[in-house]
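First comes the structure, then the notes that go with it.
Note that the coordinates shown come from a computational prediction; the quantities given were computed from them, not determined experimentally. Values reported hereafter were calculated over all heavy atoms of this structure, with side chains retained and with hydrogens, waters and symmetry mates removed.
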Amino acid sequence: MPLERVRILLGVCGGIAAYKAAELVRRLRDAGADVRVVMTENAMRFVGATTFQALSGNPVRSSLWDESAEAAMGHIELARWAEQILIAPASADFMARVVHGRANDLLSTLVLATAAPVSIAPAMNQQMWANTATQDNVSLLRNRGIRVIPPASGSQACGEVGEGRMPEAEALVSALADSCAPRVLDGIRVMVSAGPTYEDIDPVRFIGNRSSGRMGFAVAIAAAQAGAKVTLVSGPVSLPTPPGVERVNVRSARQMRDAVLRISVDSDIFISAAAVGDYRVQASSAIKLKKTGAPLVLELVQNPDILAEVAASQEPPFLVGFAAETNDVERYARDKLERKNLDMIAANQVGPELGFEGSENALLLLWQGGSEDLGRGDKKMLARTLIERVATRYRLKAEKGFKA
Ligand code: C5P
């Protein structure tokens, strides 16, 4: 877990979204982080310090002039203690103060005194957010290397609708984990396949599947964040290309096969997260098929097994497959691991709200002689853990000279 034992200083400013920071503390702790909370004076008008103290398990600080707190941990020590600073919610006033280098309360002083990366999640009324003064401050903060996590859109506590809501705790934890990812795949060339394949019936119809591509894209993002050089071979999905990732778009299984085999020779690791169509229409029609009143019979032929072909190649990369199953997950997955000659397989149960279309998944990792249940969680979080495990087993295999 990327946030395991990471020392996070959470700054809470005065705003109605301060109540969401309580959930954020819980999520950060669930992710393994060590959390200390610093509140501004105004934040305490919205939520009591006791709430944060109980949730973080640490005393809450708010004043520069609290002698007993300074005796336990001075503000400079606190600034040094933090490995990451997250301000959520950050008010418009707080950002303005940081822009001007003010140190007129504990939180602004800490931001000035720390060498740790600072992330800010602004939350405010949509007009205040849209105001040029606020937007100019955001640009200035970004130019100085402060990460500003943009607010979400929706209905606001003030009754207005627009951009200015603090993102949900889970999204903030995920954003923070991104910047903490250890570079376990530095310089390693990773190919990831993702999404469904479409097999044309005629120029307007196709056979596809329900894969959204989200798991594969999350794996590509996690690999890039771990320092890998990533090529993402994607079937038809509506997802943006992750930053720093080279994307190759394909449509059919055969197009995916050609791209994967071409890129595979220059890859150290291949993670096959695509839901490749097992069958295609033998002879797709060049013109649109018409209704005839009679039953339509389509002859389907089996598609090549891309992963098995890569495994059978001369010097295959380290191979990670996915196995989506509705039942007997472990048994089928272990069978695939062996039959397809893979180094690792990530098995998942597909069912309501799990697997294909949702944002959550549940993964069970299997390899020769071992297994680890990663449990259920957000696809981005699971992807990060998966990448860490892949890196470990890849290194073990590399040490053995790839003979295993
Ligand atoms: O056999 P099954 O489709 O369940 O295997 C799943 C794994 O094999 C996935 O990693 C998938 O990307 C890969 N696969 C493939 N080519 C196919 C079918 C599956 O590469 N034609």
Side-chain angles (χ1 to χ4, degrees), residues 190-197 199 207-211 213 215-216 219 223 233 235 250 252-265 267-280 282 300-351 354-356 361-374 382-383 385-387 389-398 400-404:
V190 176
M191 169 169 57
V192 180
S193 71
T197 59
E199 307 299 336
I207 299 173
N209 62 63
R210 296 165 80 141
S211 166
M215 191 68 226
V219 169
V233 180
V250 295
S252 68
R254 284 188 296 176
Q255 285 172 358
M256 184 171 277
R257 171 187 175 272
D258 291 349
V260 164
L261 289 181
R262 178 169 46 83
I263 299 159
S264 150
V265 290
S267 302
D268 302 304
I269 297 174
F270 172 36
I271 304 176
S272 182
V276 185
D278 287 329
Y279 288 90
R280 68 174 181 276
Q282 177 158 45
L300 303 179
V301 291
Q302 207 168 318
N303 270 327
D305 190 314
I306 304 171
L307 194 49
E309 276 195 40
V310 176
S313 66
Q314 265 216 323
E315 277 182 58
F318 184 92
L319 291 179
V320 183
F322 270 74
E325 308 289 351
T326 52
N327 55 297
D328 281 333
V329 178
E330 180 158 2
R331 187 161 61 86
Y332 284 128
R334 197 162 280 287
D335 171 65
K336 256 171 226 174
L337 177 78
E338 272 149 37
R339 197 163 31 84
K340 297 199 188 196
N341 222 348
L342 307 178
D343 295 289
M344 190 184 256
I345 196 153
N348 64 306
Q349 177 127 22
V350 283
L354 259 192
F356 269 27
N361 208 348
L363 291 185
L364 169 70
L365 298 187
L366 303 171
W367 57 90
Q368 207 63 257
S371 69
E372 182 181 348
D373 191 350
L374 302 188
L382 286 172
T385 315
L386 170 72
I387 286 298
R389 302 304 183 265
V390 167
T392 306
R393 301 222 62 81
Y394 169 75
R395 254 181 270 120
L396 278 173
K397 189 170 179 185
K400 284 191 208 154
F402 286 95
K403 281 185 222 87

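Remark: the backbone N or O of Ala253 is paired with a side-chain donor or acceptor of Glu199 at under 3.5 angstrom. Between the side chain of Arg257 and the main chain of Leu307, no donor-acceptor pair closer than 3.5 Å is present. With hydrogens and angles ignored, the 3.5 Å screen pairs a side-chain donor or acceptor of Gln349 with a backbone N or O of Thr326. Here the side chain of Asn209 pairs a donor or acceptor atom with the backbone of Ala275 at under 3.5 angstrom.
Interatomic distance, CD1 of Ile345 versus OH of Tyr332, reported as 13.5 Å (0.5 Å rounding). Atom CE in Met344 sits 12.0 Å away from atom CD in Gln368 (nearest 0.5 Å). Considering CG of Leu363 and CG of Leu382, their distance stands at 5.0 Å, rounded to 0.5 Å. Considering NZ of Lys336 and CZ of Phe322, their distance stands at 12.5 Å, rounded to 0.5 Å. For the atom pair CZ of Phe270 and CD1 of Ile306, the computed distance is 7.0 Å after rounding to the nearest 0.5 Å.
Between Val190 and the choices Val320, Ile269, Ile387, the side chain to side chain contact (heavy atoms under 4.5 Å, CB included) rule is met once, by Ile269. A side chain to side chain contact (heavy atoms under 4.5 Å, CB included) with Leu342 is found for exactly one of Leu366, Leu319, Val310, namely Leu319.
In this structure, Leu365 and Leu386 have side chains that are in contact, with non-hydrogen atoms separated by less than 4.5 Å. Put simply, the side chain of Asn348 does not reach to within 4.5 Å of the side chain of Met215, judged on heavy atoms.
Minimum interatomic distance between Pro304 and Glu309 (heavy atoms only, all atoms of both residues): CB-OE2, 3.2 Å. Of all non-hydrogen atoms in Ala323 and Ala333, the two that sit nearest each other are CB-CB, 4.1 Å. A pairwise comparison of heavy atoms in Asn303 and Gly277 identifies ND2-O, 2.7 Å as the closest pair. Looking at every heavy atom in both residues, Ser264 comes nearest to Pro317 through OG-CD, 3.8 Å. Contact detail for Ile207 and Leu300: the closest heavy-atom pair is CD1-CD2, 3.8 Å. In plain terms, the two heavy atoms of Ser272 and Ser193 that are nearest each other are CA-OG, 3.4 Å.
Electrostatic pairing of Lys397 and Asp343 counts as a salt bridge here, judged by a charged N lying under 4.0 Å from a carboxylate O.
The salt bridge (Lys or Arg N to Asp or Glu O under 4.0 Å) search around Glu372 returns Arg389, not counting sequence neighbours.
Within 6.0 Å of the CZ atom in Arg334, the count of heavy atoms belonging to other residues, nucleotides or ligands exceeds 12.
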